[in-house]
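Notes to accompany the following structure.
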Amino acid sequence: MARKNVSAVSQTATSPKRTTRSKPEDETNDDVLSPEVYSFEGVVYDTYQEMVNAKRQRNQQMLRDSGLLTAKEELIQMQMKRKPAASQGIKKRKVEVTATERRKSKRIAGIESENIYVENESAGRFTIASDGNTKSTEGDVEEKPNVREEHYRNRVNDGEGLSIEQAVKLTGSKWVQETSVETAINFVRDELVHLIDRKVANNHVSPKSVRSLGDDESLSEDWLKTAVNQLSVEDVDKCVAKVVPDRIYGITVHPSANQVIAAAGDKSGYVGIWNVDGASKVNDGVHLFKYHSGAVSCLEWTSSGSKLLSGSYDGTVRVFDVEKESMVQHFATVDESFSKDHLGYGLDTGYSFWTQYACIDGRFMTDQCFFVSTSIGTALHVDLRSKGQVTFNRQWSEKKINTLSLHPNGYSMISGGLDCTVKLWDLRKLSKSQDIPVAEYFGGKSINSAYFSPKGRFVVATTMSDKLDIVMDFHLEKRSSKPTKPWKSIRHDNKTGRWLTTFNARWHPSLDIFCVGSMAHPRRIEIFSPDTELVRGVSGDALTAVASRCCFHPSTDRLIVVGGNSSGRVTVVR
DNA sequence: TGATTTGTTAGGACT
DNA sequence: AGTCCTCCACAAATCA
């Protein structure tokens with residue numbers, strides 16, 4: 001029907017050339033506005049309908065050619081074919097269902113409950129306030145639940161150290177198995193203790209990973225490229241384990257050169273340690289503890305590997321001392337109802353206060369000095385060595401500070417948080433009045449995290465404006481009116497939504513590469529190097545969920561990355 | 001102005 | 001296979 005019109009190249013759909021021709025009989029419309037020639041892409045059609053059909057065909061073809069349809073299909077397939085979650089790791093104990101009768105509400109019947117308390121009711125029903133006020137946020141709940149609140153802010157205790165047995169038992173009947181306490185104690189005594197680097201612990205020698213900085217010829221760019229390209233996550237049975245019950249907020253790897261011991265902290269205060277290659281007949285290598293009552297956002301081993309520091313939203317910093325077999329409380333924020341002698345006295349300002357971040361002060365080879373940031377924009381330094389005191393407590397922001405990072409020079413520190421800026425501070429020049437940052441980097445939106453690279457050349461900031469911003473030599477910035485510009489800005493979807501822990505790009509402890517989770521399909525963990533073009537997204541059968549928090553093993557002989565997801569599973573990439 | 005609500009988002013547990 | 005639950009994440013819009 002269609003005639004090829006060779007001379008119609010100039011005829012476009014927007015400027016049809018009008019010519020007269022005889023109308024088909026069925027077309028009775030004499031309206032001058034109706035086009036008399038139905039031309040589309042150089043082809044003249046007899047009827048309007050034919051032209052429309054041709055146009056539709058063209059559009060269909062365009063859609064097919066674009067690959068959108070197959071991409072859509074693949075996406076659907078991907079979601080349909082979603083693999084079941086890896087079963088290795090902690091398991092809920094099966095609760096025998098013996099009840100044959102339907103449960104009746106004692107509350108509705110008006111019967112007082114005895115010895116029952118709300119341990120952790122989901123939000124929207126009961127909010128258990130820290131100061132002992134129990135407020136129901138829903139109007140239909142008239143009776144207040146019988147809440148047992150033995151400890152300040154619902155913490156696990158009032159500050160005493162916990163034994164391994166206690167920490168295991170606190171995980172609750174849901175998770176504790178008959179052999180849990182025994183296997184955990186054995187793991188600490190037979191494995192963890194032997195992984196402590198005595199030279200580092202006793203002689204204050206820098207750990208191996210730091211010592212090999214830059215001088216090692218084997219760490220060439222080629223080596224790095226090969227190592228990164230060799231990373232994989234394929235074996236579901238070996239690479240993934242459920243380590244904690246809830247969403248992972250904090251993750252780290254033990255610094256031992258030969259073993260992979262991953263530790264993860266979750267939203268509700270659990271800490272799980274996974275001896276990745278240490279599965280036995282009685283235990284699959286995962287040991288679960290609970291010694292916090294709020295999200296464990298930070299986990300960090302001392303460089304000798306003898307202590308695991310944990311910072312939690314519950315306002316406490318604890319240290320799992322492998323040799324003492326104890327989870328010792330190092331720091332706890334309290335309000336003014338406490339004694340003034342209490343370390344952390346008066347810091348807790350109530351409702352909207354919590355401790356967001358904690359990290360070891362890298363200047364000293366000890367867990368006794370650490371930094372803490374808070375939801376109200378303050379940054380603290382605690383030194384337990386001499387008098388055991390808060391060395392400084394500075395208001396560095398109007399809003400929450402998500403991370404702190406100290407430059408290897410020992411005095412340049414950056415803070416990043418909801419005020420959308422990465423601020424540079426000089427710890428030698430903290431004024432008596434209000435601190436003014438040396439420099440500021442504006443990230444557009446909130447800063448999820450900002451860290452100095454191991455040698456301090458770069459800062460990588462993960463921002464809510466969907467970028468990974470790399471700033472070079474930020475610590476050298478001087479006070480000036482010029483805003484700091486990023487050296488590189490990598491587009492990166494950081495919209496994790498409220499069910500997923502936010503992304504934090506984190507450096508290798510001694511190499512200039514960093515890892516970060518990703519929303520991309522298939523799920524992957526990304527590795528970037530700022531000064532080379534090295535970029536890799538590692539995906540594989542074992543990586544089925546978004547790894548919100550990732551970190552590198554300190555080894556420079558081989559690369560190992562661990563990632564934690566929103567169901568408490570840890571994935572090992574190596 | 002501060003307070004409150006809503007949109008976004010993924011994964012597993014349960015029925 | 002489908003429904004429910006998560007709800008100290010943050011941004012933007014709307015309310016008081």
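- As a whole-Å value, the separation of A/Arg569 CZ from B/dA10 P is 18 Å.
- With C/dA11, C/dC8, B/dA10 as the choices, the nucleotide that has an atom nearest any side-chain atom of A/Trp499 turns out to be B/dA10.
- Each of C/dC10, B/dA13, B/dA10 was ranked by its minimum atom distance to the side chain of A/Leu500; first place goes to B/dA10.
- By the 6.0 Å contact criterion, NZ on A/Lys399 is open, its count of non-hydrogen atoms from other residues, nucleotides or ligands being 12 or less.
- Looking at heavy-atom distances under 4.0 Å, A/Ser446 makes contact with sugar-phosphate atoms alone, never a base.
- Phosphate proximity of C/dC10 to A/Thr502: absent, as no side-chain N or O sits under 4.0 Å from OP1 or OP2.
- Closest to the side chain of A/Met519, from the set B/dG12, C/dC10, B/dT9, is B/dT9.
- Distance OG/A/Ser310 to CH2/A/Trp301: 10.5 Å, rounded to 0.5 Å.
- Distance A/Tyr357 OH to C/dA9 C1': 18 Å, rounded to the nearest Å.
- Distance CG (A/Asn448) to P (C/dA11): 9 Å, rounded to an integer number of Å.
- Taking the six-membered ring for Trp and the full ring otherwise, the centers of A/Tyr152 and A/Phe338 sit less than 6.0 Å from each other.
- The phosphate of B/dA13 (OP1 or OP2) has a side-chain N or O of A/Lys242 nearer than 4.0 angstrom.
- Residue side chain A/Trp354 meets the stacking definition with respect to C/dC8: its ring centre sits within less than 5.5 angstrom of the base's six-membered ring centre, and the planes differ by less than 30 degrees.
- Using a 4.0 Å cut-off, some side-chain N or O of A/Lys445 falls inside it from OP1 or OP2 of C/dA12.
- For the side-chain hydrogen bond (donor to acceptor under 3.5 Å, both in side chains) with A/Tyr441, the qualifying choice from A/Thr463, A/Asp469, A/Thr421 is A/Asp469, the only one to do so.
- With distances taken from any side-chain atom of A/Arg247 to the nucleotides C/dT6, B/dA13, C/dA9, the minimum falls on C/dA9.
- At a cut-off of 3.5 angstrom, the base of B/dT9 holds no donor-acceptor pair with the side chain of A/Arg498.
- Look at the C1' atom in both C/dC8 and B/dA13: the space between them is 24 Å, to the nearest Å.
- Here A/Tyr249 reaches the OP1 or OP2 of C/dA9: one of its side-chain N or O atoms lies under 4.0 Å away.
- Centroid-to-centroid, the aromatic rings of A/Tyr249 and A/Tyr313 come within less than 6.0 Å.
- Following rounding to the nearest Å, A/Asn565 (CG) and B/dG12 (P) show an atom-to-atom distance of 6 Å.
- Phosphate contact (OP1/OP2 of C/dC8, side-chain N/O of A/Lys399, threshold under 4.0 Å): absent.
- Dashed line: the shortest gap from a side-chain N or O of A/Arg523 to OP1 or OP2 of B/dG11 is under 4.0 Å.
- Under the 4.5 Å side-chain criterion, counting only non-hydrogen atoms from C-beta, A/Arg523 is not in contact with A/Val233.
- Look at A/Lys400 and you'll find a side-chain N or O under 4.0 angstrom from OP1 or OP2 of C/dC10.
- Separating the CD1 atom of A/Ile376 from the C1' atom of C/dC8 is a distance of 14 Å, rounded to the nearest angstrom.
- Following rounding to the nearest Å, A/Asn494 (CG) and C/dC10 (P) show an atom-to-atom distance of 12 Å.
- Put simply, A/Asn402 has a side-chain N or O that comes within less than 4.0 Å of OP1 or OP2 on C/dC10.
- Here the C1' atom of nucleotide B/dT9 and the CG atom of A/Asp466 are 12 Å apart, to the nearest Å.
- When rounded to the nearest whole Å, the span between CD of A/Glu398 and P of B/dT1 equals 13 Å.
- One finds a side-chain N or O of A/Ser567 lying less than 4.0 angstrom from the OP1 or OP2 phosphate oxygen of B/dG12.
- Toward the 5' end of DNA chain B, the nearer of the two residues A/Thr496 and A/Pro245, judged by each one's closest nucleotide, is A/Thr496.
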